[in-house]
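These numbers come from a predicted model, not from an experiment.
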Amino acid sequence: NFFTKNDKISGFEIVEIDDLDRLSDGAVAIALIRTSYSLRHYHWIVYPVHPKSYIKNFFGPSTKIQLIYQVKRKNE
């Protein structure tokens with residue numbers, strides 16, 4: 001993925017996860033969401049800036065979560 005191939009990002013570990021509900025309250029994640037009816041409407045969104053319920057319904061009932069990357073400090 002982009003994060004593991006980019007040598008400019010240091011001090012952080014990026015872990016791809018498959019479900020927002022796996023994130024704890026103190027976690028930080030970046031999610032790529034899209035609509036189910038369009039290949040052009042994608043949006044990156046950050047948790048916990050936006051709550052999980054908001055992310056899951058960003059485009060209404062047609063919201064699909066494409067990717068989720070949890071961001072952790074390497075020394076944690």
Side-chain angles (χ1 to χ4, degrees):
N1 69 39
F2 167 80
F3 297 104
T4 57
K5 292 178 185 175
N6 191 333
D7 63 353
K8 302 279 189 256
I9 298 172
S10 61
F12 294 97
E13 177 184 3
I14 308 300
V15 180
E16 187 172 344
I17 61 170
D18 58 0
D19 189 351
L20 275 178
D21 293 327
R22 292 185 56 204
L23 295 170
S24 64
D25 289 339
V28 174
I30 303 166
L32 180 62
I33 56 177
R34 65 177 180 87
T35 63
S36 60
Y37 56 83
S38 174
L39 295 175
R40 297 183 316 159
H41 293 97
Y42 282 80
H43 185 72
W44 287 102
I45 194 163
V46 177
Y47 172 84
V49 173
H50 300 287
K52 294 174 190 176
S53 59
Y54 181 80
I55 295 170
K56 291 176 182 180
N57 293 295
F58 186 85
F59 293 110
S62 65
T63 303
K64 301 293 180 197
I65 299 174
Q66 191 72 31
L67 295 168
I68 306 166
Y69 294 116
Q70 184 174 3
V71 182
K72 299 178 180 182
R73 291 195 185 275
K74 283 191 177 177
N75 58 0
E76 288 185 3

Trainee: Atom CH2 in W44, atom CD1 in I33: separation rounded to 0.5 Å?
Mentor: 10.5 Å
Trainee: Quick one, K56 and T63 - any side-chain contact, counting heavy atoms below 4.5 Å?
Mentor: no
Trainee: What distance separates K72 NZ from F12 CZ, expressed to the nearest 0.5 Å?
Mentor: 13.5 Å
Trainee: Minimum heavy-atom separation for A27 and Q70, please, with both atom names.
Mentor: CB-NE2, 3.6 Å
Trainee: Distance check, rounded to the nearest 0.5 Å: K52 atom NZ versus D19 atom CG?
Mentor: 8.5 Å
Trainee: Any chance you could measure T35, atom OG1, to F59, atom CZ, to the nearest 0.5 Å?
Mentor: 6.0 Å
Trainee: Could you give the distance from CD1 (I30) to CD1 (I68), rounded to the nearest 0.5 Å?
Mentor: 12.0 Å
Trainee: Might you point out which heavy atoms bring H41 and S38 nearest each other, and give the distance in Å?
Mentor: ND1-OG, 2.8 Å
Trainee: Rounded to the nearest 0.5 Å, how far does CG of L23 lie from CD1 of I17?
Mentor: 3.5 Å
Trainee: Can you give me the closest heavy-atom contact between E13 and K74, atom names plus distance?
Mentor: N-CG, 3.9 Å
